[in-house]
Amino acid sequence: MVMHNGNYLFSGNIARTTEACEYWLFGYHVTKINEDGSHDTTIIFDKCNQTTYIGWKNSFLAKDNLFFINGLIYNETNKSTFYLLSLNEVFDTIANHILYEDTITKRNLSMYLSHNEEIIICGQIDSTYNEINGLPETTYTKSLLISADTNGNILWSKSYSFGDISDGCWSVFYRVIPTHDSGYIAIGITHDFGNRKALIVKTDSLGNQQWFRTYGNSAYDNPGFSDIIPTRDSCYIVCGAYTYGETFGGLYPYDGW
C-alpha cells in the first residue's frame with residue numbers, strides 16, 4: 001500500500017478470464033481507495049499468453065506523481081523478464097524498463113526509493129551458468145541487491161553468498177531498508193549452511209557487504225523473518241517465526257519471534 005494525496009493505493013496480483021483470451025489471465029492491478037474507504041479505480045495490467053507478477057514485498061512505490069512497480073513477466077518467447085514499470089498519476093504507463101531478459105532464476109521481490117532517488121531492489125540471482133543453455137551439474141543461487149535510477153538504468157548490482165558454494169546452496173533477500181549510515185540492510189533466507197536459516201545482511205551505500213548474521217535452530221529448517229524496521233537508536237527490530245519442534249522437518253510448530 002502507498003498513501004498518496006490522502007488516498008490509499010494498493011497493488012497486487014490478480015487472475016481473471018476474458019472472451020479475448022483462450023486461457024486464464026494472470027497479471028496485477030493498482031487499486032485506488034478514497035480517504036473515506038470507498039473504492040475509486042482499479043487498473044489491471046495483464047496480457048494473453050503471458051503471466052505477470054509483482055514482487056513479493058513492497059514492490060509498489062510513489063515519487064511525487066509518479067509510481068513504480070517491479071516484478072517478473074513470463075511469456076512463450078522468454079523464460080522471464082525482470083521489469084521496472086513507471087506510471088503517471090492516473091496509472092497510464094510511462095515506461096516499462098527491462099532490467100534483465102531471458103532469465104529463469106533472477107527474482108526481484110522488494111524495493112524502496114532512497115534519499116538520493118535510487119531505486120534499491122532486492123531478490124535472487126543464479127550466476128553459475130548461462131541460463132538459456134540449460135543447467136550444469138552444479139547450481140547455486142545468491143542473494144541480490146540492485147541500484148537503479150528512475151529511468152531504469154542499473155547503477156550497480158551485487159550478489160551475496162555465505163557458505164561453501166556447492167550444489168543445493170541458495171539464498172534470497174525479500175526485504176531491504178535503508179540504514180542510518182546511508183547503507184542498506186536486507187532480510188531473507190539462506191540454505192548455504194545446510195538447513196534453512198533466517199538471514200540479515202548489512203551493506204554500505206554501494207552494496208558492499210559489511211556483516212551478515214543467521215538465526216534459527218541449526219538442526220532443522222526454520223521459517224523466515226517477515227519484516228524489519230529501523231529504531232531511533234540506530235538499531236533494528238525484526239519479526240518472524242521461530243521453529244521449536246521438528247514436525248515435518250521444522251515446518252511447525254512455531255512461535256512468533
Side-chain angles (χ1 to χ4, degrees), residues 1-3 8 10-15 28 33 53-61 70-72 105-112 120-126 140-145 158-181 183-203 207 209-257:
M1 182 180 73
V2 169
M3 297 186 69
Y8 307 95
F10 294 86
S11 186
N13 294 312
I14 189 169
Y28 61 92
I33 305 296
Y53 296 101
I54 62 168
W56 186 22
K57 290 176 177 284
N58 207 48
S59 296
F60 178 49
L61 59 84
N70 75 346
L72 291 172
T105 60
K106 297 179 180 70
R107 303 283 185 267
N108 44 340
L109 300 179
S110 178
M111 66 178 178
Y112 83 94
I120 308 300
I121 301 171
C122 72
Q124 185 180 61
I125 189 169
D126 190 320
Y140 58 90
T141 62
K142 297 182 177 183
S143 302
L144 175 68
L145 282 183
K158 303 279 185 171
S159 61
Y160 311 83
S161 58
F162 309 101
D164 294 332
I165 301 304
S166 61
D167 195 35
C169 290
W170 64 269
S171 63
V172 61
F173 293 151
Y174 46 75
R175 187 81 162 89
V176 60
I177 62 170
T179 60
H180 67 279
D181 57 358
Y184 311 107
I185 194 163
I187 59 172
I189 291 173
T190 182
H191 262 268
D192 285 1
F193 304 99
N195 297 98
R196 182 175 65 209
K197 301 192 75 175
L199 174 70
I200 302 179
V201 176
K202 170 72 170 62
T203 78
Q209 180 180 306
Q210 295 178 316
W211 54 259
F212 80 92
R213 301 286 188 275
T214 60
Y215 302 82
N217 193 305
S218 60
Y220 43 81
D221 287 353
N222 300 267
F225 289 135
S226 296
D227 209 351
I228 182 170
I229 60 170
T231 62
R232 293 183 180 181
D233 56 355
S234 302
C235 295
Y236 310 95
I237 294 178
V238 189
C239 66
Y242 182 81
T243 303
Y244 62 89
E246 298 187 46
T247 305
F248 295 110
L251 176 62
Y252 65 85
Y254 47 81
D255 285 340
W257 191 17

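Heads up: numbering here begins at 1 and tracks the sequence. Just the heavy atoms: all of them, side chains too, but no hydrogens, waters or symmetry mates, feed the values below.
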[X] side chain to [Y] backbone, donor-acceptor under 3.5 Å:
{"X": "Ser226", "Y": "Gly240", "value": "no"}
{"X": "Arg196", "Y": "His191", "value": "no"}
{"X": "Ser171", "Y": "Thr190", "value": "no"}
{"X": "Asp192", "Y": "Trp170", "value": "yes"}

Between [Y] and [X], is there a side-chain heavy-atom distance shorter than 4.5 Å?
{"X": "Leu199", "Y": "Phe225", "result": "no"}
{"X": "Val201", "Y": "Ser143", "result": "no"}
{"X": "Lys197", "Y": "Tyr215", "result": "no"}
{"X": "Thr203", "Y": "Lys158", "result": "no"}

What are the two closest non-hydrogen atoms of [X] and [Y], and how far apart are they?
{"X": "Ser110", "Y": "Tyr174", "result": "CB-O, 3.4 Å"}
{"X": "Tyr28", "Y": "Ser11", "result": "CD1-OG, 4.3 Å"}
{"X": "Tyr236", "Y": "Thr231", "result": "N-OG1, 3.9 Å"}
{"X": "Ile177", "Y": "Tyr112", "result": "C-CE2, 3.9 Å"}
{"X": "Thr141", "Y": "Gln124", "result": "OG1-NE2, 3.3 Å"}
{"X": "Phe60", "Y": "Met111", "result": "N-CE, 4.2 Å"}

Please test Thr179 against Lys202 for side-chain contact (heavy atoms from CB on, under 4.5 Å), starting from the C-alpha separation and ending with a verdict.
CA-CA 9 Å; Thr179 60; Lys202 170 72 170 62; 3.7 Å; yes
Kindly compute the distance separating [atom1] ([X]) from [atom2] ([Y]), expressed to the nearest 0.5 Å.
{"X": "Ile189", "Y": "Thr214", "atom1": "CD1", "atom2": "OG1", "answer": "12.5 Å"}
{"X": "His180", "Y": "Cys235", "atom1": "NE2", "atom2": "SG", "answer": "8.5 Å"}
{"X": "Tyr184", "Y": "Phe173", "atom1": "OH", "atom2": "CZ", "answer": "13.5 Å"}
{"X": "Ile187", "Y": "Asp227", "atom1": "CD1", "atom2": "CG", "answer": "5.5 Å"}
{"X": "Ile125", "Y": "Lys106", "atom1": "CD1", "atom2": "NZ", "answer": "4.5 Å"}
{"X": "Asn58", "Y": "Asn70", "atom1": "CG", "atom2": "CG", "answer": "9.0 Å"}

Can you tell me if OH on Tyr53 sees more than 12 non-hydrogen neighbours from other groups inside 6.0 Å?
no
Neighbour count >12 (heavy atoms, 6.0 Å) for atom OH, Tyr242
yes
Mind checking side-chain hydrogen bond (donor to acceptor under 3.5 Å, both in side chains) for Gln209 and listing every partner two or more places apart, or none if nothing turns up?
none
Quick check on the 6.0 Å ring-centre criterion: do Phe212 and Tyr160 meet it?
no
